Amino acid sequence: MDDLHKFDDIVKQIQEKYTKIDQDTDDHLYGLLYSKPITYWDYIQTDALLNLQIQRTTLPDEMVFIAYHQINELLFKMILWEIQQVAEKTDLEVVFFEKKLMRISRYFDMLTTSFTIMQHGMDVEQYMKFRYTLTPASGFQSAQYRMIEFASTELINLIDFRFRKTIDRNTPFEHAFEHLYWQAAGKDYKTGKKSTLLVNFEKRYKGDFIRFMQTYNTKNLWSRFKELPEADQKNPDLVKAMRHYDYTVNITWVIAHYNAAKHYIDSGIGDGEATGGSDWKKYMHPKYQKRIFFPELWSEDELKNWGENI
């Protein structure tokens, strides 16, 4: 195709695009006369991004801590973006599903290996000083991570194992929310009293969480997997991808996080407690809560020994 015909073809496609949405093509073309050419810094919003790291202390390594967690949140956003595509795909097929799962797992692989930045990239004495300015905040309060969990599995698999027999699909979302596994990090189930960490978290996000739980109740990754034809559910590549994702999120990543926290909190400097006051060891270590997205894809022995001997 010569340049003239190529140009005419492009103009025709542009006209078709705007006709479909009842827009005047000439108006949009006229607007191009006054639009500025794009630059990398405008497209990525570099200046805005680099102005989001605001320290609360004068300790240099606090910058590492802030930037690192912001990067994590960006990766969580990418993960949710991939899960949403699986959730909303009308003609879901094995190849598409497996491809998206491996993308998500690579993001978590990156999150896992990056914990060496946290574990070995900050001075312990500096961390043990600036961490007190974080109280009562905590990485526990990452709303996006909770949404990743809701979007990955059926809600029953996120319920504290002590209460799973009392909750089913007919349980109101509000009641199920009160018995999610992570509630144990900031709630005394005997008195019902919640820590400031949990109170602040719920005040900001509980409504969003309930709506998100309802939305993904029937289109989370496990629900979409079970909608596939039986033969597709046995596809070895897809099953491998499902198991890899489950293990990566709920053991590999969690243990890397646990070890990084342990490096500082058990350093002998400070009080040995998490900034939010949570029972961080029992909350974080997978052998206690046995967080498993797809339990049906694991053997009885694998389920029994989940999180052990790591």
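Given the structure is predicted, the values throughout are model-derived calculations rather than measurements.
Neither side chain, Glu149 nor Ser152, offers a donor N or O lying under 3.5 Å from an acceptor on the other.
Stacking of Arg162 on the aromatic ring of Tyr181 is not recorded, the 6.0 Å distance cut-off and the 45° axial limit not both being met. Seen from the ring of Phe96, Lys89 counts as a face-on cation partner, given the 6.0 Å and 45° thresholds. Cation-pi check for Lys219 over Tyr216 is met; the charged atom lies under 6.0 angstrom from the ring centroid and within 45 degrees of its normal.
Without hydrogens or angle criteria, Thr116 side chain to Thr113 main chain gives a donor-acceptor distance under 3.5 Å. Looking only at distances, a side-chain donor or acceptor of Asp246 sits under 3.5 Å from a matching main-chain atom of Phe293. Of the possible polar contacts, none joining the Glu300 side chain to the Lys304 backbone as a donor-acceptor pair under 3.5 Å is found.
The pair Lys187-Glu178 meets the salt-bridge criterion, with a side-chain N (NZ, NE, NH1 or NH2) lying under 4.0 Å from an Asp/Glu carboxylate O.
Within a 6.0 Å radius of NZ in Lys77, no more than 12 heavy atoms belonging to other residues, nucleotides or ligands are found. For Gln13, the CD atom is densely surrounded, since the number of other residues' heavy atoms within 6.0 Å is greater than 12.
Ring-plane geometry between Phe209 and Phe150 is classed as perpendicular, the angle between the planes exceeding 60 degrees on a 0 to 90 degree scale with a lower cut at 30. Using cut-offs of 30° and 60° for the angle between ring planes, the Trp253 and Tyr145 rings count as tilted.
Atom CD of Gln119 and atom NE2 of His263 lie 6.0 Å apart (nearest 0.5 Å).
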